[in-house]
Protein chains: 2
Amino acid sequence: MATVEHVGGDDPPLVALPATAYAVLGLLSFGRELSGYDIKKWADASLRHFYWAPAISHIYRELQRLEQLGLVEGHEAPQDGLRNKRMYRITASGRAAVTAWLVESPGETPMLKHPVALRVWLGHLVEPDDLTRLLSAHVDRLRDELAQIEASIAGVRGDDAMRYPAAVLQWAKSIYEADLTASQTLQQSLQRAPDARRPTR
Amino acid sequence: MATVEHVGGDDPPLVALPATAYAVLGLLSFGRELSGYDIKKWADASLRHFYWAPAISHIYRELQRLEQLGLVEGHEAPQDGLRNKRMYRITASGRAAVTAWLVESPGETPMLKHPVALRVWLGHLVEPDDLTRLLSAHVDRLRDELAQIEASIAGVRGDDAMRYPAAVLQWAKSIYEADLTASQTLQQSLQRAPDARRPTR
DNA sequence: CGTTGCATGTAAGGTGTTACATGATTAC
DNA sequence: GTAATCATGTAACACCTTACATGCAACG
């Protein structure tokens with residue numbers, strides 16, 4: 001991967017990168033200059049809820065790669081007192097690359113990696129009480145996450161390009177709400193019909 | 001990682017393994033002997049919907065590691081005409097390890113990696129029609145997945161330990177249904193309030 | 001007669017993580 | 001004074017995937 005292939009008329013270049021690289025490029029496609037640190041914060045507030053919670057070190061390496069490929073441009077921005085920032089902006093070919101990826105790549109299947117579900121799935125190995133506690137903690141965490149999503153929605157500037165991020169956060173909110181109610185239902189159904197025997201332990 | 005640490009009274013040993021290793025161990029904890037191939041099929045029919053869709057090669061390597069750690073035991077099972085199967089069963093210390101992990105490890109946060117959401121989030125880069133088509137395709141895929149989940153639920157044997165897998169599949173069904181309705185709502189909301197200007201492209 | 005299913009495994013390499021190094025400023 | 005925030009980056013390494021190698025049986 002990470003090789004640049006010229007396809008068809010030699011322009012625009014189609015770049016084979018992982019989806020997460022396009023996510024970083026996408027964050028820069030809203031027009032503002034961002035530092036690696038800015039990207040991390042924005043990703044944590046927004047992208048995290050439906051796509052990715054990147055490690056900060058990973059973002060820095062991704063930005064280096066994207067710069068080598070000419071998809072972003074970085075420059076030092078002196079900060080008084082503080083350490084210099086390195087600010088990045090997307091290039092024309094970067095913008096073309098994300099757009100091409102969006103249109104051409106046939107969207108992979110979504111994936112849900114839910115450790116709580118995995119634990120309940122293995123419920124026969126633990127005491128029923130353990131599951132109840134697990135699900136309660138999960139519901140609490142969901143309430144937290146829902147509050148954060150609402151804060152992110154409130155924080156979105158009302159301009160044009162931001163319509164889509166706002167709409168997706170709204171969609172994400174529905175998903176987490178569904179998780180919340182389904183988890184409560186699950187908890188109740190496990191209590192209502194408790195095991196006759198001891199768990200196989 | 002993958003080192004065995006003895007904690008406290010030297011028994012049971014606490015094993016530091018990735019969650020996916022415990023998923024494989026968990027599949028074996030239902031008591032039946034399974035081959036790598038069996039595990040792959042079962043994971044694809046069940047685990048995939050809420051946790052993991054492992055590569056078959058990964059499963060084979062994971063089983064090797066688990067055997068070296070003494071958490072599973074494998075033996076050759078001659079098949080007439082066909083290639084030999086290598087069947088695995090969980091050991092007592094394997095069962096102790098999964099159970100300890102379930103009880104002690106404080107469940108990581110779930111993660112949702114949703115390429116469709118990412119694309120809609122970047123909606124300002126594409127034509128509105130592209131998003132409509134994307135969401136339609138997504139809804140179709142969801143209907144497929146829901147049908148598969150229902151098939152898996154129907155295929156679950158009605159015995160004792162299988163209560164939990166059935167309950168989790170039911171939970172997963174709710175999540176996918178929520179995705180379906182939220183995606184339809186999203187699609188409509190994007191059509192109802194179309195962009196005044198051309199997309200910034 | 002080609003594809004799909006059954007069945008196992010190795011090799012190579014990309015993706016993404018944690019740990020570490022560094023250092024100023026602000027808040028408790 | 002100690003923690004948190006701002007800010008960037010390297011090194012090491014674990015995780016997991018794709019590609020490849022192999023081969024029989026059954027279905028259309």
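To find a chain, count down the sequence lines: A is the first, B the second, and so on, and within it residues start at 1.
Distance from the side chain of B:His58 is smallest for D:dT17 among the nucleotides C:dT8, D:dT17, D:dT8.
In this view, A:Trp52 and A:His58 satisfy the ring pair (Phe, Tyr, Trp, His ring centres under 6.0 Å) rule, not counting sequence neighbours. Take B:Arg133 and apply the salt bridge (Lys or Arg N to Asp or Glu O under 4.0 Å) test, not counting sequence neighbours, and it matches B:Asp130. Scored by the ring pair (Phe, Tyr, Trp, His ring centres under 6.0 Å) test, A:His49 finds no partners at all (sequence neighbours excluded). Remark: A:Tyr60 engages A:Tyr37, A:Ile56 in a side-chain contact (heavy atoms from CB on, under 4.5 Å) (not counting sequence neighbours).
Here B:Arg86 lies in heavy-atom contact (under 4.0 Å) with sugar-phosphate atoms only. Among the protein residues, A:Ala53 comes within range of the sugar-phosphate backbone only, with heavy atoms under 4.0 Å from sugar or phosphate atoms but none that close to a base.
Atom pair A:Gln64:CD and C:dG16:P shows a separation of 16 Å (rounding to whole Å applied). If you measure from atom CG of B:Asn84 to atom C1' of D:dG23, you get 13 Å, rounded to the nearest angstrom. One atom, CZ of A:Arg65, and another, P of C:dG14, lie 9 Å apart when rounded to the nearest Å.
Across its full length, the helix from C:dC1-D:dG28 to C:dC28-D:dG1 shows an angle of 40° between the axes of its 5 terminal pairs at either end, rounded to 10 degrees.
Near DNA chain C, defined here as any heavy-atom distance below 4.0 Å, the residues from residues 33-40 of chain B are B:Ser35, B:Gly36, B:Tyr37, listed numerically.
Counting distance only, with no hydrogens placed and no angle test, the side-chain atoms of A:Ser57 and the base atoms of C:dT18 include a donor-acceptor pair under 3.5 Å.
Salt bridge present: B:Arg119 and A:Glu108 bring a charged side-chain N and a carboxylate O closer than 4.0 Å. Ion pair B:Lys85/B:Glu76 not flagged as a salt bridge, since none of the NZ, NE, NH1 or NH2 atoms sits closer than 4.0 Å to an Asp/Glu carboxylate oxygen.
With the nearest nucleotide of DNA chain C identified for both B:Lys113 and B:Tyr88, B:Tyr88 has the one nearer the 5' end.
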(request) Take B:Leu66 and B:Leu28 through the side chain to side chain contact (heavy atoms under 4.5 Å, CB included) test and state the conclusion after the steps. (result) CA-CA 11 Å; B:Leu66 293 172; B:Leu28 286 164; 5.6 Å; no
